[in-house]
Amino acid sequence: MAWSDLPIDLLCCISSHLSIVDLVRLSVVCTSWSSTLDNYALLGFQCCPSSWLLLSNDVEEASDTLTFHELTIEREDAILSVHRRFSSIGSHTYGRRYLGSNDGWLVTLDKIDLQPRLFNPVTKAEISLPSLFTLIEPQYAPDSYIRISFNEIFFDFTTDEFRDIYFHKIIVSSNDSSGTVVVIFGIRKALALASSEDPTWVLGPTLSPYNTMDEEQFEDVCYHEEDQRFYAITNFSLVLAFDLNGQNVELICPNMPNPYQSSFNIDYMYYIAFLSGTLLRIERVIDITLQSHLNARTMTISIFKFVPAVVISSSSSSSSHSQWIPVTELGEYSLFVGFNQTFSLHHMVATGIKPNCIYFADHSSNMFPGYVDCDVGLFDLSNDRIQYILHPYSRTNWPPSIWFTPSIS
């Protein structure tokens, strides 16, 4: 029986045991096995998931090349092993910063037009989004500086600085052109939404209706497929949920004190994700003492699961109380945090990763060229041990590294 005559169900079963690299190799073995990756996607093929780390190019590497490093385990330690290079893609990536990744897509942003794009380096597919200039109304100061007003104070940015300082992270709801995208942006981090079919961005939910703390701002967003809503978390653990239009906003959890807010030697990042239907808050603490822009290192990472409010009634009154419960065990799963959308992988499915760990990549509150450290590693929940995968001075590090899961979607 020829390869083309095999049942689709059998081909899908075979593909689920292959890595994305093996699937590409399979497609070029011979004529009867030949098929485009687009056809594989249409047929519902799903590859065995893997975790790659995209690093900035070394000086000698071509500017139209993306180099990913695949995770593996050697003597119980995580290392970056095989290099996966994608060449001749300069029209998709040249001069663009990576501000997100999700299920095979990189979210890229240029400096001039501020037009985000979703780019799949495996299939070369690309989806354009509205320019972020439709979201802001910048003025132009002398010497062509971009001027932004905030609380009646003016901030001037060069064209190079503006993209890298003003826009923080981009999150997508799905892996096709019909998805909704959320951007975290601004001097005080706010939210906005758009899709590829929209002419402009629209502002998302704000914190003003709630009893917010000083300096409170959004830190991360995730999309929950089951109820088709986004969940956004602030640096004071307040969580809002909202639909794909930014409407029907629901307060999931009120804010709470941030123990690191008043520290000048500590930076902190909050991430939000779902694992097996449970809402998780991931708290990353980064040491920025002394030579902060030269030697920032992740110190520890904590995970908390959200327990919804239970109404307690008495003869005179009723009360409700939601809480975050510490999590010390992820079982067979590991989490990946950074500029990417936070995701989880099962270590028996994604070979090369350790279970019960949080893998982290470069990410801190204020990152721009010249002030980025190499802070890549994992936090092992089983022993509270941090392993740094890359030496902090091993390479130049702009743009920052980002976790990526290849896909033919």
Side-chain angles (χ1 to χ4, degrees), residues 12-26 37 40-41 44-55 66-86 98 100-106 120-123 172 174-175 222-225 271 273-278 280 282 301 303 327 329-363 376-383 385-390 401-409:
C12 289
C13 180
I14 293 173
S15 74
S16 67
H17 295 277
L18 300 176
S19 69
I20 187 73
V21 175
D22 291 332
L23 188 59
V24 172
R25 289 170 178 165
L26 180 148
L37 292 176
Y40 284 151
F45 282 31
Q46 294 292 331
C47 302
C48 183
S50 54
S51 50
W52 295 359
L53 184 70
L54 175 59
L55 297 176
L66 289 181
T67 302
F68 296 88
H69 301 254
E70 193 165 359
L71 276 172
T72 189
I73 301 173
E74 185 176 285
R75 297 177 183 175
E76 299 187 356
D77 284 334
I79 63 170
L80 297 174
S81 57
V82 182
H83 294 187
R84 308 295 187 190
R85 285 192 173 89
F86 297 85
Y98 311 111
S101 73
N102 180 54
D103 194 20
W105 294 97
L106 287 170
N120 187 323
V122 178
T123 65
V172 301
S174 65
N175 57 10
C222 74
Y223 180 69
H224 192 218
E225 185 70 38
Y271 306 95
F274 279 87
L275 179 62
S276 301
T278 300
L280 300 180
I282 301 103
I301 301 180
I303 305 178
V327 173
E329 176 68 43
L330 294 174
E332 304 300 309
Y333 288 89
S334 284
L335 295 170
F336 291 76
V337 301
F339 276 104
N340 54 284
Q341 285 178 233
T342 302
F343 63 89
S344 62
L345 290 175
H346 193 288
H347 83 108
M348 294 297 290
V349 178
T351 58
I353 69 169
K354 300 178 67 174
N356 203 32
C357 293
I358 305 105
Y359 285 81
F360 55 87
D362 302 303
H363 198 201
V376 179
L378 66 86
F379 180 79
D380 193 330
L381 285 170
S382 62
N383 55 20
R385 171 178 171 258
I386 283 187
Q387 182 209 331
Y388 298 103
I389 297 176
L390 292 178
S401 60
I402 187 170
W403 296 113
F404 175 78
T405 52
S407 172
I408 56 174
S409 300

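Quick caveat: nothing in here was measured; it's all calculated off a predicted structure.
Distance CG/L66 to CG/L55: 11.0 Å, rounded to 0.5 Å. Atom-to-atom distance recorded for H69:NE2 and I389:CD1 is 12.0 Å, nearest 0.5 angstrom. Interatomic distance, CD1 of I301 versus CG of L381, reported as 8.5 Å (0.5 Å rounding). In this structure, T278 OG1 and I303 CD1 are separated by 12.0 Å, a value rounded to the nearest 0.5 Å. Here the CD-CG distance, from E70 to L53, works out to 11.5 Å after rounding to the nearest 0.5 Å. Atom CZ of F274 is separated from atom OG of S344 by 12.0 Å, given to the nearest 0.5 angstrom.
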Does the side chain to side chain contact (heavy atoms under 4.5 Å, CB included) test come out yes or no for Q387 and D380, once each step is laid out? CA-CA 8 Å; Q387 182 209 331; D380 193 330; over 6 Å; no
Kindly indicate, with the supporting measurements, whether the criterion side chain to side chain contact (heavy atoms under 4.5 Å, CB included) is fulfilled by Y271 and L335. CA-CA 11 Å; Y271 306 95; L335 295 170; over 6 Å; no
Dump the intermediate steps for side chain to side chain contact (heavy atoms under 4.5 Å, CB included) on V337 and H363, then the final yes or no. CA-CA 9 Å; V337 301; H363 198 201; over 6 Å; no
Could you walk me through whether L80 and L71 pass the side chain to side chain contact (heavy atoms under 4.5 Å, CB included) test, one step at a time? CA-CA 5 Å; L80 297 174; L71 276 172; 3.7 Å; yes
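Counting all heavy atoms, side chain and backbone alike, S407 lies closest to V122 at O-CB, 4.0 Å. Shown here for L106 and S101, the closest heavy-atom pair between the two residues is CD2-CB, 4.1 Å. Closest approach of N120 and G104 over heavy atoms only: CG-O, 3.4 Å.
For the pair V327/L275, no side-chain contact is recorded, criterion being any heavy-atom separation below 4.5 Å from C-beta on. Proximity of P121 to F68: side-chain heavy atoms (C-beta onward) are separated by under 4.5 Å at one or more points.
Scanning for side chain to side chain contact (heavy atoms under 4.5 Å, CB included) contacts around F343 gives F336, N340, L345, W403, T405, with sequence neighbours left out. Annotation: ring pair (Phe, Tyr, Trp, His ring centres under 6.0 Å) contacts of Y223 (sequence neighbours excluded): F230.
The residue from N356, L330, I353 that alone fulfils the side chain to side chain contact (heavy atoms under 4.5 Å, CB included) condition with H347 is I353.
The aromatic rings of F360 and Y388 stand perpendicular to each other, their planes meeting at an angle above 60°, with 30° marking the opposite boundary.
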